[in-house]
Q: 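Here you go, one structure.
Numbering of ligands and ligand atoms starts at 1, following listing order. We use all heavy atoms of the structure for the numbers below, so side chains are in, but hydrogens, waters and symmetry mates are not. Positions are given from 1 along the sequence.
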Amino acid sequence: MAITEKSDFIREIITEDLKTNKFNGRIHTRFPPEPNGYLHIGHAKSICLNYGIAKDFNGKFNLRFDDTNPSKEEQEYVDSIIEDVKWLGGNFEDRVLYASDYFEAMYTHAVALIKKGKAYVCDLNVNEMRLSRGTLTEPGKDSPYRNRSIEENLDLFEQMKRGEFPNGFKTLRAKIDMASPNINLRDPVMYRIVHDEHHRQGNKWYIYPTYDWAHGIEDSIEGITHSICTLEFENHRPLYDWYLNELEIFHPQQIEFARLNITYTVLSKRKLLKLVEENHVSGWDDPRMPTITGFRRRGYTPESIINFCDMIGVAKRDSTIDVALLEFSVREDLNKRARRVMAVLNPIKVVITNYPEGKTEQLSAVNNPEDESAGTREIPFGRELYIDLEDFREVPPPKYYRLSPGTEVRLRYAYIIKCEKVIKDEKGNVVEIHCTYDPDTKSGLPGASRKVKATIHWVEASQAVDAEVRLYDRLFVKENPDIAEEGKDFLSNMNPHSLQILKHCKVEPVLGSAKPSERFQFERVGYFCADIKESKPDKPVFNRIVTLKDAWAKIEQHSKKQ
Ligand code: ATP
Ligand code: MG
């Protein structure tokens with residue numbers, strides 16, 4: 001019986017199937033990617049759904065490569081997909097399976113269909129076949145090759161298999177019904193001739209199965225009970241069922257759900273490939289990409305992606321999810337686990353003129369106010385510090401409470417300082433700010449509770465570590481990047497400011513030993529992750545995971561008010 005608290009229409013179907021003992025109480029799902037690209041957040045939804053169901057119902061979960069198209073598939077993609085599914089926690093145990101391992105079985109099944117008079121070799125080319133297929137309102141026309149004898153079909157199919165015909169010269173088609181109202185049932189193609197090297201089968205095969213023919217057999221061989229796929233396959237289900245019924249083999253249940261779309265994001269593999277191939281991004285793992293590998297490099301946690309998938313649930317109708325919800329989920333998770341540190345992205349020097357020269361002291365800072373067990377750390381304080389340019393205005397606008405000539409601010413975990421003087425270069429740019437500090441205002445001293453209007457972050461200058469910080473933003477400026485001006489495509493909607501690189505940041509000493517992919521909250525600035533590839537102990541590089549501003553909370557508040 002179901003031990004799940006989650007509820008959706010698929011889990012309801014499964015619970016019912018368990019009640020009626022439909023599959024002898026077995027639950028077995030699979031995730032069937034085609035290894036022709038890297039996985040993206042849409043695939044994550046499918047993984048969370050399929051694996052989540054297997055886990056919740058004590059079932060099994062397979063990772064199966066649907067590698068039936070030799071021309072677009074590569075080992076690089078296979079390797080990345082295995083890594084990404086594992087990273088998301090999808091536990092397929094030892095079951096990494098390949099549709100190409102079933103080519104022989106599929107061939108045998110095809111021969112069986114020919115022998116039953118349910119499949120035939122057709123000589124129509126792609127164009128002729130399209131013309132004779134009919135439309136939604138008109139029936140198709142029978143192929144002139146439809147009534148070939150079983151012997152002739154077996155002979156021709158055998159020749160196709162041996163590679164005796166060039167690409168596109170013949171196909172094997174199921175003999176169903178050219179007048180069916182469902183176009184998928186109008187004698188669909190089962191095999192095409194493709195002379196191409198397969199990444200696992202080499203040059204063994206000259207015929208390759210179509211998705212519809214292959215998929216049900218793959219599911220059946222693996223004993224999959226619930227074959228969960230996206231909505232566009234709904235009209236293919238009668239064909240899925242037809243093949244399995246005709247073959248009289250184990251018959252899984254296909255169930256369709258709505259695919260994930262997200263605002264400001266493209267999720268088509270073809271478009272993601274274009275971004276990579278045309279160098280609009282640095283690769284599949286560019287931290288702006290909606291790929292799992294991109295998110296990982298950016299610093300997203302697997303938990304935040306899994307939570308996001310739980311929050312959006314599964315539905316039967318297509319919809320688009322606000323990207324702010326994904327960012328909210330990331331922020332919520334990092335708030336619990338990320339260590340707080342101080343980092344100054346646009347540094348300007350502050351000299352505390354009444355602080356003794358050569359002296360430094362250690363102050364105590366809280367690592368995570370959300371998690372007491374994270375403890376505290378020591379941070380150095382001295383006569384020279386850096387603060388962020390943003391936190392100083394020579395001529396403050398109204399309601400500006402941070403540092404400006406004559407005003408006071410508190411330095412986080414340290415003292416209250418007062419701006420006494422501004423030093424400029426010959427061009428008039430502020431290069432240094434001279435301040436005095438109030439020694440009585442440190443934590444533990446009587447002046448600690450003295451209130452000023454703003455608290456800002458800072459780092460001590462002599463021990464600060466130089467760092468590079470990469471500020472990532474959304475890759476597209478339009479909510480739906482696919483809606484472009486006439487004659488232009490989604491690329492015209494790219495955000496020209498999606499990456500800003502700051503090379504001269506000053507960060508507190510502990511960040512010098514940040515481990516690759518370690519995550520932090522830079523206080524008042526955002527969440528950051530040491531870059532997996534390029535961060536080095538002597539030259540740390542941090543990626544902005546997400547800002548602190550919660551756009552989602554605002555959206556929610558707004559919708560509550562309405
Ligand atoms: P294509 O078939 O065009 O190469 P695809 O995105 O469908 O692209 P697959 O490798 O076939 O890629 O997808 C593997 C599985 O992930 C399929 O079961 C598919 O239904 C599911 N999937 C793909 N995109 C999404 C999405 N945006 N939302 C939910 N599930 C998805
Ligand atoms: Mg697909």
Q: Polar contacts were defined as any N/O atom of the residue lying under 3.5 Å from an N/O atom of the ligand; does this apply to Glu232 and ligand 1?
A: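 No, there is no polar N/O contact under 3.5 Å.
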Q: Within ligand 1, which atoms have a heavy atom of Thr230 less than 4.0 Å away?
A: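 Those qualifying, in numeric order: 20 (O), 29 (C), 30 (N), 31 (C).
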Q: Give the contacting part of Pro32 toward ligand 1: side chain, backbone, both or neither, where contact means a heavy-atom distance below 4.0 Å.
A: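 For Pro32, backbone and side-chain atoms both sit under 4.0 Å from ligand 1.
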Q: Report yes if some N/O of Leu267 lies less than 3.5 Å from some N/O of ligand 1; otherwise report no.
A: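 No: no nitrogen or oxygen of Leu267 is under 3.5 Å from one in ligand 1.
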Q: For ligand 1, is any non-hydrogen atom under 4.0 Å from Phe257's backbone (N, CA, C, O), its side chain (CB onward), both, or neither?
A: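 Looking at Phe257 and ligand 1, just side chain atoms fall under 4.0 Å.
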Q: Which part of Lys269 is near ligand 1, with near meaning a heavy atom under 4.0 Å away: side chain, backbone, both or neither?
A: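 Side chain only.
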Q: Would Lys204 count as a cation-pi partner of Phe103, with NZ or CZ less than 6.0 Å from the six-membered ring centre and within 45° of the ring normal?
A: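 No; the conditions do not both hold, so Lys204 does not lie above the ring face of Phe103.
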Q: Please check if the distance between the ring centroids of His236 and Tyr240 is under 6.0 Å.
A: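 When the ring centroids of His236 and Tyr240 are compared, they turn out to be at least 6.0 Å apart.
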Q: Is the Tyr51-Phe92 ring centre distance short of 6.0 angstrom?
A: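 Aromatic pair excluded; centres sit 6.0 Å or further apart.
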Q: Would you mind listing which atoms of ligand 1 come within a distance below 4.0 Å of any non-hydrogen atom of Phe31?
A: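 That gives atoms 14 (C), 15 (C), 16 (O) of ligand 1.
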Q: Side-chain donor-acceptor pair under 3.5 Å between Glu327 and Tyr300, yes or no?
A: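 Absent: no donor and acceptor within the cut-off.
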Q: Under the salt bridge (charged side-chain N to carboxylate O under 4.0 Å, His left out) rule, collect the residues that match up with Glu138, sequence neighbours excluded.
A: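 Per chain and number, Glu138 pairs via salt bridge (charged side-chain N to carboxylate O under 4.0 Å, His left out) with no residue.
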Q: On a heavy-atom basis, I'd like to know which of Lys72, Arg270, His43, Arg259 is closest to atom 13 (O) of ligand 1.
A: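 Of the listed residues, His43 has the closest heavy atom.
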Q: Scan residues 307-321 for pairs that pass side-chain hydrogen bond (donor to acceptor under 3.5 Å, both in side chains), counting only residues two or more places apart or in two chains.
A: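 Residue pairs passing side-chain hydrogen bond (donor to acceptor under 3.5 Å, both in side chains), neighbours aside: Glu256-Lys316.
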Q: Enumerate the atoms of ligand 1 whose separation from the nearest heavy atom of Ser46 is less than 4.0 angstrom.
A: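 Contacts of ligand 1 toward Ser46, numbered from 1: 16 (O), 21 (C), 30 (N).
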Q: For the aromatic rings, using the six-membered ring if either is Trp, is the centroid distance between Phe65 and Tyr98 under 6.0 Å?
A: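 When the ring centroids of Phe65 and Tyr98 are compared, they turn out to be within the sub-6.0 Å range.
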Q: Should Lys45 be counted as touching ligand 1, given the test is an N or O pair under 3.5 Å?
A: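 Between Lys45 and ligand 1 (N or O atoms, distance only) the closest approach is not under 3.5 Å.
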Q: Report, in ascending order of atom number, the atoms of ligand 1 lying under 4.0 Å from any heavy atom of His40.
A: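 Counting atoms of ligand 1 from 1, those under 4.0 Å from His40 are 24 (N).
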Q: How does Asn36 reach ligand 1, by side chain, by backbone, by both or by neither, if only non-hydrogen atoms under 4.0 Å count?
A: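 The part of Asn36 near ligand 1 is the side chain, not the backbone.
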Q: Can you see whether Lys22 engages Gln253 through a side-chain donor-acceptor pair at a distance of less than 3.5 angstrom?
A: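 Checked: Lys22/Gln253 side chains pair up, N/O donor to acceptor below 3.5 Å.
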Q: So, Asp17 and His226: side-chain donor and acceptor under 3.5 Å apart, yes or no?
A: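 The answer is yes; a qualifying pair exists.
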Q: Taking distance alone, with no angle check, do Leu260 and ligand 1 share an N/O pair under 3.5 Å?
A: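 Yes; the residue has a nitrogen or oxygen that sits under 3.5 Å from a nitrogen or oxygen of the ligand.
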